[in-house]
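Right, one structure below, let's go through it.
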Amino acid sequence: MQKLLITLDGPAGAGKSTVSRKLAQRLGYRYIDTGALYRGVALVVSHSKIDPQDDLALEQLCASLKLEFRLIENNSAIFLNGAAIAHLIRTPAITALASTVASRPVVREHLLKLQLEMGRNKAAVFEGRDMGTVVFPQADIKFFLDASIKERALRRHNESGDQNDQTLTETELNIRQRDAQDANRLTAPLKSADDAVKIDSTRMSISEVVEFMLAKIKSEFDS
Ligand code: DC
């Protein structure tokens, strides 16, 4: 089969990350978690005195960063200026700040170039919010993964396990706020591409979603 560029978009908690990681492993492709790039920028903003609305400062900051994915024990891991940061970017504060920096066009423009570069050799699964609409409108195959708000909140709540200091209701409220901020921003809002394969995972397991995608890819490209 030819090398494909696959995109997977959708709202928070729909199961995108796990599905993308597994899909990439099954195909022997790279997995690119583009949310981690926004979270990486947010991490640096949080350690600086920069106002996240100050576009000039954000532009300079982005230009000074080296964000990359490295394969560690067969898993794609995000690195910032040579250091692993995966364990630092999932806190509620960074999650909220990532959504704010993701609404700034200067940040999106910078990360757009980086993502295009990362996609040059295809054989990759790109996961995010605007992969099929803005970054790779010519992707070989696009998926849009959704689930009901209640199910997404429940999944996020269960994922956080013992470290969770939020109630399920608070998690649901956070997801609603983030969905609204991601879907209503002017630049590259969260939405499905017209030509994306839409999947509602509310009543599907991760492996059912992955198998469905693989079957779809096979039917389109394995001739
Ligand atoms: O997928 P995530 O929760 O790690 O994403 C973090 C934030 O970045 C979230 O608010 C949405 C935003 N994001 C985006 O705007 N565009 C992308 N391609 C990926 C993530």
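In each ligand, atom 1 is the first atom listed, and ligand 1 is the first ligand listed.
Any N or O atom pair closer than 3.5 Å counts here, and Lys16 shares no such pair with ligand 1. Taking any N or O of Arg108, backbone or side chain, at least one lies under 3.5 Å from an N or O belonging to ligand 1. Here's the thing with Arg129: one of its N/O atoms is less than 3.5 angstrom from an N/O atom of ligand 1. Between Thr34 and ligand 1, at least one pair of N/O atoms sits closer than 3.5 Å. Considering backbone and side-chain atoms alike, Arg156 places every N or O at 3.5 Å or more from each N or O of ligand 1.
Under the 3.5 Å distance criterion, the side-chain polar atoms of Arg39 are matched with a main-chain donor or acceptor of Ile89. The backbone N or O of Glu170 sits less than 3.5 Å from a side-chain atom of Thr167, completing a donor-acceptor pair. Side-chain atoms of Arg155 come within 3.5 Å of backbone atoms of Ala14 as a donor-acceptor pair (strictly under, hydrogens ignored).
Residues satisfying the side-chain hydrogen bond (donor to acceptor under 3.5 Å, both in side chains) test with Ser48, not counting sequence neighbours, are none.
Applying the 4.0 Å criterion to heavy atoms of Met131 picks out, from ligand 1, the atoms 18 (N). Close approach of ligand 1 to Ser99 is summarised as follows: ligand atoms under 4.0 Å from at least one heavy atom of the residue are 10 (O). Close approach to Asp182 involves these atoms of ligand 1, each under 4.0 Å from a residue heavy atom: 9 (C), 10 (O), 11 (C). Atoms of ligand 1 lying under 4.0 Å from at least one heavy atom of Arg90, given by number and element, are 4 (O). Short contacts between ligand 1 and Ala102, defined as distances under 4.0 Å to a heavy atom of the residue, involve ligand atoms 12 (C), 15 (O). For ligand 1, the atoms closer than 4.0 angstrom to any heavy atom of Arg185 are 14 (C), 15 (O), 16 (N).
Closest heavy-atom contact between Val101 and Tyr38: CG2-O, 3.7 Å.
Closest protein heavy atom to atom 8 (O) of ligand 1: Tyr38 CB, 3.6 Å. Summary of contacts: the protein heavy atom closest to atom 6 (C) of ligand 1 is Arg39 NE, 3.7 Å. Among protein heavy atoms, the minimum distance from atom 9 (C) of ligand 1 is reached at Arg178 NH1, 3.3 Å. Closest protein heavy atom to atom 20 (C) of ligand 1: Gly35 CA, 3.5 Å.
Between Arg176 and Glu172, at least one side-chain N (NZ, or NE/NH1/NH2) sits under 4.0 Å from a carboxylate O, which counts as a salt bridge. The existence of a salt bridge linking Glu68 and Arg70 is confirmed by a sub-4.0 Å separation between a basic side-chain nitrogen and an acidic carboxylate oxygen.
Less than 6.0 angstrom separates the ring centroid of Phe126 from the ring centroid of Phe136.
Residue Ala98 holds the heavy atom nearest to atom 7 (C) of ligand 1 of all those in Gly10, Ala98, Gly13.
Under the 4.5 Å side-chain contact rule for hydrophobic residues, Met118 and Leu8 do not share a cluster.
Tested against Lys22, the residues Val209, Leu214, Ile206 include a single side chain to side chain contact (heavy atoms under 4.5 Å, CB included) partner, Ile206.
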